[in-house]
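Small disclaimer: the values here were computed from a predicted structure and weren't measured. Note on naming: letters A, B, ... go to the chains in the order of the sequence lines (proteins, then strands), and numbering restarts at 1 for each one.
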There are 2 protein chains.
Amino acid sequence: MAVTMNDVARAAGVSLKTVSNVLNDYEFIRPATKKRVQDAIAELGYEANLTARSLRSGKTRMLGLVLSDLSAPYYAELASRLMKAASRRGYRVLVEQSDAAGEVELNALQGPFRQLTDGLLFTPLVIDADTIAARLGKKPLVLLGEHILDPRFDLVTMKNGEAAAALTAHLLAGGRRRIAVIGAHPDESAGSAGLRLNGYRKALDEAGVPFDPALIAPCDWRRDNGAAAVAGLLDGGVEFDAVFGLNDVLALGAMHELLIRGVHVPRDVAVAGFDDIDEARFASPSLTTVSPGMEEIAERSIGLLIDRIEGREAEGQAAHIEAGFQLEVRESAPQVS
Amino acid sequence: MAVTMNDVARAAGVSLKTVSNVLNDYEFIRPATKKRVQDAIAELGYEANLTARSLRSGKTRMLGLVLSDLSAPYYAELASRLMKAASRRGYRVLVEQSDAAGEVELNALQGPFRQLTDGLLFTPLVIDADTIAARLGKKPLVLLGEHILDPRFDLVTMKNGEAAAALTAHLLAGGRRRIAVIGAHPDESAGSAGLRLNGYRKALDEAGVPFDPALIAPCDWRRDNGAAAVAGLLDGGVEFDAVFGLNDVLALGAMHELLIRGVHVPRDVAVAGFDDIDEARFASPSLTTVSPGMEEIAERSIGLLIDRIEGREAEGQAAHIEAGFQLEVRESAPQVS
DNA sequence: CTGAAAGCGCTTACAG
DNA sequence: CTGAAAGCGCTTACAG
């Protein structure tokens with residue numbers, strides 16, 4: 001059916017190997033030979049069969065990306081950037097949504113998904129370091145996020161603690177003293193939720209403001225959870241003058257609930273988030289938040305993974321990369337409030 | 001290295017073909033034989049090599065999805081649902097972001113991307129029907145959206161015109177008479193923008209309200225465009241009592257700009273959008289919009305494409321499917337305003 | 001610099 | 001119901 005290397009070889013009057021050499025940019029080919037092959041390729045409209053190449057070489061030039069849900073704005077924006085970064089380097093990204101299901105995470109580590117990709121970018125939400133290590137296999141893996149900080153694995157992450165502390169300090173500087181935290185995950189300390197909560201506590205300590213557990217609302221990280229959590233605090237009679245949503249959609253959900261109930265933002269309650277998704281800038285009021293260096297995270301995690309795949313990175317030592325962050329002060333929690 | 005079918009055949013004491021029969025659920029296998037093969041598979045931990053299977057069968061069980069930008073909320077939510085629908089049927093989705101570049105769209109149609117997938121879900125933004133037809137090849141293609149309505153191609157779309165008319169009628173019923181439209185694309189009539197604008201005009205006609213070109217603001221479909229367009233209208237002294245953003249992010253950007261400038265929504269100006277992205281429900285005020293049946297679109301487009309791939313759908317006649325829509329009336333443009 | 005041959009791991013007619 | 005053989009289209013040692 002399709003034009004094969006054999007057809008090209010015949011048309012150019014050379015052997016298969018010579019065609020392969022031209023395709024793979026082998027150095028030592030006589031210019032005349034090379035030209036003849038290239039002409040034949042152009043004339044016949046030959047395109048290399050990627051599947052055959054993969055079968056023989058064992059490489060697919062695809063990277064796997066495992067995350068919980070592509071429709072969450074933070075992940076959508078991250079995935080988009082990761083795909084562009086990969087594309088610039090000649091790779092594609094195949095996405096797997098885990099829905100935070102352990103079974104899916106496991107399968108991504110060793111099933112067909114692994115087979116289809118040369119390396120994995122993985123945001124583990126359920127399974128732990130030992131489980132990963134046990135199923136890992138030999139293909140490279142780079143962890144994204146901070147659910148697992150382990151010397152065995154490469155990790156690209158953000159300054160969760162520092163950034164949360166800076167944001168909390170900003171709220172305190174604005175005169176806020178009772179800062180509710182939405183989206184805590186009590187069972188977990190190494191995850192983003194835990195690290196951000198730690199940063200919050202650290203900032204309180206440094207300012208000499210007592211920590212009040214009543215202000216900490218545990219919940220999942222979707223928009224509606226943020227609204228429900230604030231409703232819970234208000235209905236429970238908890239007093240607060242600021243809300244720190246551990247991510248932006250939580251903060252936006254919380255802000256919506258406050259406004260519905262006639263609580264003025266930021267006068268009565270300041271609101272801040274984490275992620276700086278596109279929407280944060282255009283919310284009403286616009287959302288004060290942390291920009292966690294998403295572009296840097298995308299660029300460096302793709303770079304690291306491909307370096308591992310192509311063997312450019314020394315083995316044995318795992319890399320732990322932290323992107324820089326920046327405070328984005330906007331209307332929902334202005335400088336002086 | 002890895003366990004192959006040969007290893008399984010040897011362990012089970014059968015031929016390659018028998019193992020293949022078991023793997024492919026061939027009906028007529030003696031139960032005892034089948035069991036022996038399955039035991040061998042389990043014991044050896046055999047996993048089929050998908051690349052080899054693809055090379056031989058010519059199928060990858062991957063679907064291609066071409067869209068402009070995965071980080072746009074509508075596309076992110078759609079992609080997430082498409083991937084889940086495909087997964088239920090045993091397929092994966094490989095995404096290509098075109099950034100509305102014609103070159104990328106062309107390559108998706110015939111280059112390596114096409115090779116890697118058994119069929120394509122395509123949202124063409126730049127190239128036209130004849131270009132698509134010329135490069136199509138024999139693999140199935142389903143168009144998504146309405147940039148091209150052509151008897152040669154399968155299409156799954158939404159009721160753009162009807163829904164826009166219904167939304168406009170709702171604004172008119174609320175007493176609005178000067179409804180600005182944000183996001184028109186003057187050069188295009190078959191696209192979503194053109195169809196929605198037509199629906200708007202039709203609703204005006206039916207209500208006997210004159211059409212005023214000064215109210216139509218052309219721009220791209222990003223959040224910041226919506227804000228800029230409203231700013232332009234206000235600065236230009238155009239009077240209006242409602243804004244119809246041709247998609248939700250435009251409406252949300254517009255609403256942000258109105259609120260910044262002290263224009264009350266919905267009292268002074270009602271705002272409505274199109275798409276019903278997750279964020280619409282949680283905006284402040286929450287956004288009145290059209291829910292275009294995204295789940296139905298995802299389910300039916302994946303179903304149609306896979307039917308074509310697997311030859312279950314009669315050839316020769318293109319299917320044109322329109323999902324149903326629903327008006328979501330919320331605070332930004334309530335029933336009586 | 002180039003060629004002839006083997007083989008990646010499957011599926012698919014073809015026999016029986 | 002099952003087996004022996006060919007072949008999908010490449011890359012990769014191995015020669016020369």
Is there a donor-acceptor pair under 3.5 Å between the side chain of B:Glu77 and the backbone N or O of B:Asp278? yes
D:dC8, D:dC10, C:dC10: which one has an atom nearest the side-chain heavy atoms of B:Ala52? C:dC10
Under a 3.5 Å cut-off for both contacts, is C:dA13 paired Watson-Crick or G-U wobble with anything, and if yes, with which nucleotide? none
Under 4.0 Å between any heavy atoms, over every strand shown, what does A:Thr33 touch: base, sugar-phosphate, or nothing? Just pick one. sugar-phosphate
Could you tell me how far apart B:Asp7 (CG) and C:dG9 (C1') are, to the nearest whole angstrom? 11 Å
Rounded off to whole Å, could you give me the CG-to-C1' distance for the A:Leu55 and D:dG7 pair? 12 Å
Are B:Asp154 and B:Arg300 within salt-bridge range, i.e. N to O under 4.0 Å? no
Write down the distance between CG (A:Asn6) and P (D:dG9), rounded to a whole number of angstrom. 9 Å
Examine C:dT11: is either OP1 or OP2 under 4.0 Å from a nitrogen or oxygen in the side chain of B:Asn24? Give yes or no. yes
The side chain of A:Ser15 lies closest to which of these nucleotides: D:dC10, C:dC10, C:dA4? C:dA4
Among C:dC10, D:dT2, C:dT2, the nucleotide that comes nearest once only the side chain of B:Arg30 is considered: D:dT2
Interatomic distance where CG belongs to B:Leu50 and C1' belongs to C:dC8 [whole Å]: 14 Å
With the side chain defined as heavy atoms from C-beta on, B:Asn21 is closest, among D:dT12, C:dC10, D:dT2, to D:dT2
Examine the side chains of A:Asn21 and A:Thr18 and answer whether a donor and an acceptor come within less than 3.5 Å of each other. no
For B:Arg10 and D:dT2, give me the distance from atom CZ to atom P, rounded to whole Å. 19 Å
Of the listed nucleotides D:dT11, C:dA13, C:dG3, the one nearest the side chain of B:Lys17: C:dA13
Nearest-nucleotide comparison on DNA chain D, the residue closer to the 5′ end among B:Val14 and B:Ser57: B:Val14
If you measure from CG on B:Leu82 to CG on B:Leu144, what distance do you get to the nearest 0.5 Å? 6.5 Å
How close or far is atom C1' of C:dA6 from atom CG of A:Leu16, stated in whole angstroms? 12 Å
Using the side-chain heavy atoms of A:Arg56, tell me which of these nucleotides is nearest: C:dT11, C:dC10, D:dC10. D:dC10
Looking only at side-chain N and O atoms, does A:Ser20 come under 4.0 Å of OP1 or OP2 in D:dT11? yes
Selected nucleotide, minimal atom distance to B:Thr4 side chain, candidates C:dA4, C:dT12, C:dG9: C:dG9
Would you kindly give the CG-to-P distance between A:Leu23 and D:dG9, to the nearest whole Å? 15 Å
Could you check which nucleotide pairs with D:dA4 in any of the strands shown, counting Watson-Crick or G-U wobble with both distances under 3.5 Å? none
Identified salt bridge (Lys or Arg N to Asp or Glu O under 4.0 Å) counterpart of A:Glu299 within the set A:Lys84, A:Arg81, A:Arg89: A:Arg89
Salt-bridge test for B:Glu96 and A:Arg92: reply yes if a basic N is under 4.0 Å from a carboxylate O, no otherwise. yes
In whole Å, I'd like the distance from the CE atom of A:Met5 to the P atom of D:dG7. 19 Å
Does A:Thr18 have a side-chain nitrogen or oxygen under 4.0 Å from the phosphate oxygens OP1 or OP2 of C:dG3? yes
